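Reading through the structure tokens given below for one structure.
Residues: numbered from 1 along the sequence shown. As the structure is a prediction and not an experimental result, all values here were calculated from the model. Counting starts at 1 for both ligands and their atoms, in listed order.
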Amino acid sequence: MTAQIIDGKKIAAEIRADLAKKIEASDDDYMPVLAVVLVGENPASQIYVRNKKKAAEEVGMGCEIYEFSDTIGENALLKSLQELNENHHIHGIIVQQPLPAQINPQKVLEVISPEKDVDGFSPYNTGLLQANDPHAIVAATPKGILKLIQSCCDNLNGKRAVIIGRSNIVGKPLSMLLLNQNCTVTIAHSKTENLPDLTREADILVCATGRPKMVKGDWIKEGAVVVDVGINHDENGKLCGDVDFDEALNKAAFITPVPGGVGPMTIAMLLENTWEAYIHQKQHEDSHSCCCGKHHAHECHCHH
Ligand code: NAD
């Protein structure tokens with residue numbers, strides 16, 4: 001058997017094209033806007049932020065970068081986030097991690113308004129996800145992983161899913177998404193014993209550990225769907241995932257490549273979350289529309 005490649009790049013491009021059409025067709029003077037908060041000058045963060053801005057602008061979304069010095073105090077940052085919460089022309093707010101030591105990341109997540117929390121990391125949104133509430137804003141990477149799995153698997157009912165990695169940004173939210181799809185979910189981690197015995201039972205195997213090529217061919221059940229979240233470099237400095245791709249090709253039915261699998265989906269899902277937050281907030285504003293029958297992004301000029 002040679003696995004079929006799940007083309008995350010193509011699926012993400014379709015999602016972005018669809019978003020661009022919807023944005024084009026929507027209200028001209030009131031576009032969705034994402035605010036990206038960047039604290040300090042971490043070069044990797046600067047690249048991620050620039051990429052997010054470029055991707056947002058490509059679909060016709062606004063993207064504003066708010067930069068702060070790495071010496072900013074926690075209260076000052078929280079106050080700026082409150083101002084973004086109250087700013088009606090901003091629909092999504094994300095805070096690029098990592099943050100400097102004086103800032104408690106949990107406090108940052110708690111202050112962002114749940115309806116603008118397009119990273120889906122706030123306690124409120126993770127709670128909604130846990131409750132299987134359709135209003136949850138779901139973190140981009142796990143949301144994208146579920147779409148990739150659904151692209152090759154119509155019915156997830158009763159499927160055995162094993163997720164390696166229990167981080168708050170990937171493993172844990174993904175476990176809830178798959179559970180909500182009626183999978184039987186196991187979360188494995190660095191203290192799990194006999195890991196290959198577990199993974200060999202998985203109809204769906206997701207690896208999010210950051211350990212290059214850790215998952216070998218004989219860890220994989222024949223015909224499984226394998227999603228590789230890892231972004232690593234191998235011994236030759238070449239980009240690779242957590243799965244030994246060449247070995248997995250002979251066992252899996254479907255597999256995501258690295259690069260070109262989960263990565264492109266993450267950014268597409270961030271844009272989708274921002275679009276959905278915008279629609280939600282717009283509907284809310286419409287129900288409080290102005291006396292002239294319209295809503296206004298800024299000040300009303302109808303003089304009534
Ligand atoms: P993390 O470091 O927060 O968590 C890693 C998890 O893997 C932990 O739960 C740990 O217990 C588990 N783990 C580590 N070694 C293990 C082992 N030997 N056996 C079993 N479990 C083990 O990582 P994260 O933030 O969830 O990211 C994981 C990987 O996914 C990284 O390579 C990261 O770069 C990548 N990532 C990619 C995207 C994307 O968009 N493609 C997004 C997020 C993370």
Side-chain angles (χ1 to χ4, degrees), residues 5-13 15-16 36 42-45 47-52 54-55 94-99 105-106 109 118-121 126 129 138-149 161-178 185-202 205-216 218-220 226-235 237-245 255-273:
I5 307 295
I6 305 174
D7 191 344
K9 208 172 159 188
K10 180 163 165 251
I11 297 171
I15 291 167
R16 292 206 317 267
V36 184
N42 179 321
S45 293
I47 294 173
Y48 293 141
V49 166
R50 231 180 292 137
N51 287 344
K52 286 171 188 169
K54 186 165 166 269
I94 60 174
V95 179
Q96 188 66 42
Q97 307 272 350
L99 289 165
Q106 197 57 31
L109 296 181
V118 289
D119 260 343
F121 295 151
T126 53
L129 170 63
V138 178
T141 302
K143 189 176 180 185
I145 293 170
L146 179 63
K147 290 218 176 177
L148 293 178
I149 294 170
V162 174
I163 301 163
I164 319 178
R166 57 175 160 184
S167 71
N168 289 340
I169 63 168
V170 186
K172 276 189 218 162
L174 180 65
S175 70
M176 283 300 142
L177 283 176
L178 290 172
V185 183
T186 304
I187 310 174
H189 47 80
S190 54
K191 303 284 187 290
T192 298
E193 293 180 357
N194 305 325
L195 182 55
D197 288 344
L198 271 182
T199 59
R200 275 193 281 267
E201 302 220 324
L205 177 60
V206 181
C207 313
T209 64
R211 303 274 177 267
K213 301 187 186 178
M214 177 183 118
V215 173
K216 302 296 171 195
D218 65 359
W219 292 32
I220 297 171
V226 177
V227 178
D228 191 350
V229 189
I231 306 173
N232 316 300
H233 290 94
D234 68 11
E235 60 283 4
K238 201 175 154 226
L239 204 59
C240 74
D242 294 350
V243 178
D244 190 319
F245 186 78
I255 185 167
T256 62
V258 178
V262 175
M265 290 300 282
T266 295
I267 197 118
M269 291 299 102
L270 172 67
L271 302 177
E272 188 176 274
N273 280 351

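- Listed by chain and residue number, Asp234 satisfy the salt bridge (Lys or Arg N to Asp or Glu O under 4.0 Å) test with Lys213 (two or more places apart in sequence, or in another chain).
- Residues with a heavy atom under 4.0 Å from ligand 1: Thr141, Ile164, Gly165, Arg166, Ser167, Ile169, Val170, His189, Ser190, Leu195, Ala208, Thr209, Gly210, Arg211, Met214, Val229, Gly230, Ile231, Asn232, Val262, Gly263, Thr266.
- Listed here is the closest heavy atom pair of Trp219 and Pro196: CE2-CG, 3.6 Å.
- Partners of Lys172 by salt bridge (Lys or Arg N to Asp or Glu O under 4.0 Å), not counting sequence neighbours: none found.
- Partners of Lys54 according to the salt bridge (Lys or Arg N to Asp or Glu O under 4.0 Å) rule, which considers only residues two or more places apart in sequence or in another chain, are Glu58.
- Here the shortest heavy-atom pairing between Ser45 and Gln97 reads OG-O, 3.6 Å.
- Considering every non-hydrogen atom in both Ile164 and Thr199, the closest pair reads CD1-CG2, 3.8 Å.
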